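Here's the structure, in C-alpha cells; my notes come after.
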Amino acid sequence: MADEAVAEHPAEPAAPKAKDARSPEAPRGGARGDDDAKDAPDAPGSSDASDAEAAEREKERERAADRFKDRTRDPLAEEQGEEEPTDAAAATRARRSGQKLLASGRDLVSFDRSDVSQVHINNISVGLDARRSGLPMRDGPVPEEELLRIRRTHIEPEGYVRLRRALEARRLLVLGGAPGTGRASTALALLEEVTRDGEGGQNAERVRRADPEQGVRGLATQVMVGEGGHPRGTGYLLEPALDRPGTLPPDGMDLDQLASALAEQGSYAVVVVSVGSAANPLLAGRYGAICPPAPTRELVAVRLRKRLEEEHGDPVRVGGGGGVRDGGRDADRDEGRTRDADQGGGGGSTQDGGGSNARDADGDADRTRDGGPDEAGSLSRLLERAAELREDPEVTEAVGLDDLRPAEAELFASLLAGHLLGSVGREELLSGCRGLAAVQAYEWFAGVDRALAAPPPGDGRAPVRSGTAALFHPVAFRIALAVLGGASHSAVSAAAHLLTWELSVQSDPDSTPARPLFCDDPESDLALSRARPADGPVDVAGAEVTGRLIFYRGAALPAAVLAELWDRHFPVRAPVVRWLRLLADDPRPQVSMRAAVAAGELSVRDFEHGYAELVRPLAEAPTPRRRVFAATALDQAAGHASHRRAVRKVVEDWSRHGTPALRWTAAMALGYGRSADSMDDTLDALARIGVRDDGEQLAVASLNVVRLLTLPECATVLRRLADWTGHHGEEYQDLALVSIVRLALTDVDEVLDDEPGTPLGDRGDWPLLLALAATRPELTGKLADLFWTALNTARSRDVAFDALETLLRSASRKDGSAWTREGLAALLPALTAEEHDRRRLDWLLRRMMRDQDRPLTEERARALWRLAVPARQRRSEEEESHG
C-alpha cells in the first residue's frame, strides 16, 4: 500500500492472479488437493471459466469453507452454544493456582504416625495431643511443677494484661480460641498469677482443672457448697464439651451464677471454649474474650534457648515474653505490662523474637559466672547458629507453616537443638519438620464423629445424632480449603456446606441432616482451620474483579490434609468422591479446575481407586466440563514420576481404542504435554484422534496442538504442522489448517501455564501467533509460512483472513497505546515477502477502512503498512511504478 494510495484510491486495487497454493511452483507450501486455491481474494472477479461453472465452484467453495469454519469452533463450548465463549484463561489460572498449592512434594511424604500423639526422633519426645477431640480433661489440681514450668516459659500473647485485668475484675473469664493455640496454657498462666497473691496463695493446689462433664452449672454448685473442701481463693480451669450433639451451651444466667459464687469464695475461673457457632454467644457476652496465639518467633526462640541451656547444664534463667523467673519482681512486670498495654502490644514481644537485649545480657553474665566464659561463649555461638538454621530456606520450606503453635514450636526447637548438638542428622531434621503439618492434619480428623456415638450428658439416653451438620462442618471446611485454597471465601464456604451434607448423609443415611442457614462465622472458620484471608483477583465472566480469597496459613497444610483424608479414613472416600463430582459440574473455573487438580493428587495416593471412581466415569461423561476435569486429574497424576507410565498407557489406549468421549478426554490430557513419551508421540496421538471418523474430533485435537506450542518443543510442533499441510490425506491437511487458524485466534493466557515474568507470560492478552513471533524470532519464518498456507488455501481462506484482520486490529489498544505491534513487526514482513502478498494486505487494509462498524483510521492503516513493508522495499516499488 503506497502511503498516498490509501486516501486517493478507496476502491480495491487490481491484483495479479494468485498462484495455486498446491502447485510446485507456488512460492510456499500449501494444502494439497484444493483445486480452488486460485480463487483467493487478491484476485476478485477474475475467472476464465463459464459463469455456470464459476457459480458451481463458488457454491462448493462456500460449502467447504462452512465445513472448515465449523471445525474451528471452540470444542469446550458445546454445551453452551457456539456464541457463548468459554473462559479458558480463567481455567488455566485456576489450574496453575491449584498446582502451586500442592507442588511442595508433601503429598507422598512418609511420616510415621503409628503413635502420632507422641513424636519421637532419636532422644526427642514431645507430646502433641493435649487438645485431642473427644479426650476428657482430668479433674484435679494442677501440679506445682506444671505451674512452675508455665511461669518460666509461657509466652504472653498480645493483650495478656487486658485479659488478666478482666479476670481480676469479674472473677470469671470465658476464653475463646482455636485448639492448639496455647489458650489452655494462657488460662493456667492467668489463674496462677491471680491466685498467687490471693486468699489461697499459700495453697500448693490453688489451681484446679474442673470436670468438663459437669459444665458451668455444676462448677457453680461445687464452688457455692465448697464441695471437695476446696479452699478460698482457688482458681478453676473448665473446658466444657460444647461440640457434642445434644449439648447446650450455658446461658448468661449460668455465667452470672458462677461469677457470683466465685466472688463469695474469693476464687477465679477461666472457661476455655473453641471459637464456633456454639461458643459465639458466650464470647460476645460480658465475660467473653478471644485469646490470640503467641508469636511464633518468640515461642521458638525461648524453647530453643531452653533446650540448649539444658544440654549445657545451665539452669533455665530466661522466661519468655515477661514470664516469671523467680516469683518476684511483680511490680516491675506489672509496670512493663502496663506500658505494653498502653502501646497496644503483647507483654513479651521483642524486636528479635528472642527476649530483650537487656535480659540477654543479664543471662550471658549469669552463665559466665556459673559456667565460665568458655561455656557461655559456646552457648552464644550455638544460639547464633540456631538463628541461622531457623531461617534456612530448606528448613522453612520443610516446616511449611506460617506460624507455629506451642507444641509445634517445642518440637521444632528440639529438632533444631538436636541438629546443632549432633544427635539429629540433616535428613532427620527435615523429615521431622515435614511431620508438623502431618500431625496437625491427623489431629483435625482423629475421632471427629466419636461424639455421635456417645450419649449426651445427663440421664444416659440414646445418642442424639441431630447435630451431625454442626459437627462435620469444621472438617468439611478444612477439606474444602485444601481442595479450593486460593479461591474466594464464598466459594470455599459453599463447597464446605455441600460436603457437610454428603458427610452427614453418609454418617446417618436414615435421617435427613439439618441445614443450618445462619450459623456461619467466617472468623471461626479461619481460626479453626489455620486459614488467612487476602484480597485478590477473581475471574468473573472473562473479567477480573477484586474478591476476598482464602488460603491455609502454610504451604504444607493442603497436601497434608488430603494425604490424611485419603490414607487413614477410608469410609470418607465415598462422600468426598460424590462431592468432587459435584464440583466438576461447577461452571466457575476457580472451583472445577482446582477440584480437578486435587482429584489428581488423591488418585496418586491410590490410583486404582481414583481411576475407577473419578477419572474413568468423568472421562466418559457427556459434558465437556466433566471430561476436562478427568483430563486435568490425569495430567496431575502424570506429574509424578511414579505414575507417569500408567497415565501414558491409559491415554495411549484411549487414543487408539476408546469411545469418542474417551478419545476427546485423551486429546485434552495430551495437550498438557506430559501424557506421552515424547512430543512426536503426543502429536501422533493427537493426529489419530483428529483424523478419525471424518474429523469428528478435529476441533479438540487442533486445540491441543495449539496448547503444545507454548512448550519448549515448539519447533517440533511447527515442523509437524508443515508436514501435515503436505500430507496426501485431506483430514491431516485440515488438522494443520485448523490448528494454524486457531493459533492466530487463541490468546496466550488461555493456554499458557507459566506465571507472569516469562517472555510469553508477560504477553497474556496477545494472540499466541504474535507472541511467539515476538519472543521466538528463530520461529518467525515457520510461523509466517504456515499462516500463508492457510491464507492461500480456499477452504481455510475466509477464516484465515478474518484471523489476520483480528491480528491487525490488535496492533494498538483503544487508547492508542502499543499492544502487539512488536509481534506484527516481526510477522508481517515475513508474511508479505512477495508482491501479490503485499497487494492482498493492501486490499485487506482498505476493506478494514471501509468497515461501517469499526472503521480503521487512515493513520493506523498507514502504520500497519509500514510495519509490513520496509522503507527500502516501499521506495523500490514506488520507483518501479513511476518508471
Side-chain angles (χ1 to χ4, degrees), residues 1-16 18 27-28 40-44 743-745 759 762-763 765-788 790-792 800-851 853-883:
M1 172 182 288
D3 290 350
E4 64 276 6
V6 177
E8 296 176 2
H9 303 285
E12 291 183 2
R28 309 189 192 208
D42 57 343
L743 171 62
L745 296 174
D762 289 338
R763 295 169 172 81
D765 60 349
W766 283 38
L768 181 57
L769 176 61
L770 297 182
L772 288 173
T775 60
R776 302 285 298 273
E778 73 278 9
L779 301 178
T780 301
K782 296 179 180 179
L783 293 168
D785 286 345
L786 290 170
F787 197 52
W788 185 93
L791 290 170
N792 284 274
F801 262 87
D802 291 341
L804 179 58
E805 179 176 344
T806 301
L807 297 179
L808 294 173
R809 290 187 182 278
S810 71
S812 56
R813 303 183 189 275
K814 291 182 179 180
D815 60 2
S817 60
W819 187 1
T820 66
R821 185 181 181 88
E822 179 187 358
L824 287 169
L827 180 69
L828 288 180
L831 191 63
T832 58
E834 299 183 8
E835 181 182 356
H836 72 281
D837 298 324
R838 292 189 290 275
R839 287 181 176 272
R840 181 168 49 197
L841 176 62
D842 177 84
W843 171 83
L844 178 59
L845 290 173
R846 292 171 184 275
R847 190 182 75 174
M848 294 169 63
M849 293 173 63
R850 294 193 302 271
D851 191 309
D853 296 326
R854 295 187 303 163
L856 186 69
T857 65
E858 178 181 342
E859 180 183 0
R860 292 193 176 186
R862 292 182 185 277
L864 290 170
W865 179 255
R866 294 190 185 100
L867 286 179
V869 184
R872 183 178 59 183
Q873 183 66 36
R874 292 199 302 271
R875 287 194 299 269
S876 175
E877 291 182 355
E878 291 175 6
E879 291 173 358
E880 182 179 349
S881 63
H882 290 84

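Everything numeric here is computed off the predicted structure, so don't read it as measured data.
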Hey, what do you get for [atom1] ([X]) to [atom2] ([Y]), rounding to the nearest 0.5 Å?
X	Y	atom1	atom2	result
D842	D837	CG	CG	12.5 Å
R840	L844	CZ	CG	9.5 Å
L824	S812	CG	OG	9.5 Å
L827	L779	CG	CG	12.0 Å
M848	L804	CE	CG	8.0 Å

[X]: what forms a side chain to side chain contact (heavy atoms under 4.5 Å, CB included) with it, not counting sequence neighbours?
X	result
S810	P767, L770, W819, T820
A744	L769, F787, A803, L807
D802	R847
A790	L737, I740, V741, S796, A800

Quick one: are [X] and [Y] in side-chain contact, heavy atoms under 4.5 Å?
X	Y	result
L783	R776	no
L743	L786	no
D762	T775	no

Atom CD of residue position E778 - does it have more than 12 heavy atoms of other residues, nucleotides or ligands inside 6.0 Å?
yes

What is the minimum heavy-atom distance between [X] and [Y], and which atoms define it?
X	Y	answer
A784	L831	O-CD1, 3.5 Å
A861	M849	CB-SD, 3.9 Å
A868	T832	O-OG1, 3.5 Å
L856	R860	CD1-CB, 3.9 Å
T780	A826	CG2-O, 3.2 Å

If you apply the rule side chain to side chain contact (heavy atoms under 4.5 Å, CB included), what do you find for L841 with L808, and how did you get there?
CA-CA 10 Å; L841 176 62; L808 294 173; 4.0 Å; yes

Quick one: does R838's side chain have a donor or acceptor within less than 3.5 Å of a partner on A833's backbone?
yes

Quick one: salt bridge (Lys or Arg N to Asp or Glu O under 4.0 Å) pairs with a partner in residues 822-832, sequence neighbours left out?
R763-E822

Going by side chain to side chain donor-acceptor pair (under 3.5 Å), name the residues that satisfy it together with R821, two or more places apart in sequence or in a different chain.
none

